[in-house]
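Only one structure is covered here, and it is reproduced in the block below.
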Amino acid sequence: MSQTVVLQLTLQTIEKLKQHYQANLKKQAPAHTVFSAAVQGTTITAYHSGKVLFQGKNAALEAKKWEHYNLLPTDSKKTSTSKTKAPIGTLPKDFATRSIIGSDEVGNGSYFGPLIVCAAYVERKNIDVLVKMGVKDSKMLTDTKIQQLAIQIAELIPYQELVVTPEKYNQVQPTYNANHMKAVLHNQAINLLLKKIAPKQPKSILIDQFTTPKSYFRYIQNEKQQITKDLYFITKGEQYHIAVAAASILARAKFLAILQQYSQELGITIPSGAGSKSDQIAAKILEEGGLSLLKKYAKLHFANTQKAQALVKKL
Ligand code: MN
C-alpha cells in the first residue's frame, strides 16, 4: 500500500536528512527542493519551505525516523503505528542558557498605536546580567519599570525594532492579515539583527509563537530572505528564554513612548488596549478631524471604529 507522510522540519534537520540519505540522493534535485532521494521503495523530497514528503510503501516507517524533529502535529491516521505525539512546542533541554535571538511583538491588541516587532540578541554571558536587572515577562511589570528597563537593555544588547504606524497598518491590512504582517516583520527584524551582529551567530532563534509554524512559513514564502535555520516557536516564549522577555520590554517601551507622543499631538490621553475608553477617545478624534485624522492613530479595522462612529452620531 502506498503511503504519504508530510513532516515540517527546520532546514538544519533537513541537512541531517540529506547526509543520512547521501548514497540515495537523486542526481538532480527538482525545483524548490533541497534534495530528493529514493530508498527502499520510498521517495523522500525535502523542500526549501521545510516541508518533507515521504511517499511509497515504506513511507511511514522511513518518516518515523525523523518524526521527533517534526514542527507540526502529525496526523495519526497517516503515520499508522505512531502513538507518540510530535514534540510541538518543545525546546532542547539547554535552551534557556543558549545565546539566542528572541523575537516578540507589541501593539497587536491595541486599537491605538503601531504594531511593533522587536528581535533581541542575548548572549549566554548576558543572561545573568538581564536577570539581575529585573528583566522578566513584561506583563508582570509596570509601564514605568518597563521604560526604565528598556533603557538599560538597549545599552547592553543588540536589537532590531520594526514599527508599523497605524497609517501604514491601515494601508496594508486589507491584503495582509495581522498574522501575515507579524510573520513578515519577525522575519525581517531577525534578518536585520543577524546582519548587525555578524560575524557572531546565535545558537538558536525563538519567536514568541502567534500562529502555527506551518502558517508562519507560508506567510514568509515570498520574502527574499527567509530565516529558518535553528528557528523555534513557542507560546509564552519569555518563560523559555530571557531574550524574548527583553525583546518584549523594548517593544513595549517603544509602544508606550509612541502613545505618549500621540497624546501630546492630540492634547488628549491616548489609551492602550481596545476597550470602551478607546471608543470614546476615537469619537473625539473623529469629531475633530474625521477618519482621515483617526487613521493616523488607530487600527481602523478594529470594532472600536464603528462604536466610535455610533457615538459621534448620538451627539
Ligand atoms: Mn508575544
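The shown structure was predicted, so the numbers you read here are calculated from the model rather than taken from an experiment. For ligands, and for the atoms within them, numbers begin at 1 and follow the listed sequence. Note that the numbering runs from 1 along the sequence shown for the chain.
- For the Mn ion (ligand 1), the nearby protein N/O/S atoms, meaning those under 2.8 Å, are D104 OD1, D208 OD2.
- Ring orientation note: the planes of Y219 and H180 are close to parallel, at an angle under 30° on the 30°/60° scale.
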Pairs of donor and acceptor atoms involving the side chains of residues 152-166, under 3.5 Å and at least two apart or interchain, shall be tabulated with distances.
residue, atom, partner, partner atom, Å
Q160, OE1, K196, NZ, 3.2
T165, OG1, K168, N, 3.2

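- In this structure, the side chain to side chain donor-acceptor pair (under 3.5 Å) partners of T10, at least two apart in sequence or on a different chain, are T13.
- By the side chain to side chain donor-acceptor pair (under 3.5 Å) test, N187 is found to be paired with no residue, residues two or more places apart in sequence or in another chain being considered.
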Would you check, one step at a time, whether the test side chain to side chain donor-acceptor pair (under 3.5 Å) holds for S204 with R98? CA-CA 7 Å; S204 313; R98 288 184 177 186; 2.8 Å; yes
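- Open room surrounds CZ on R124; 12 or fewer heavy atoms of other groups in view lie less than 6.0 Å from it.
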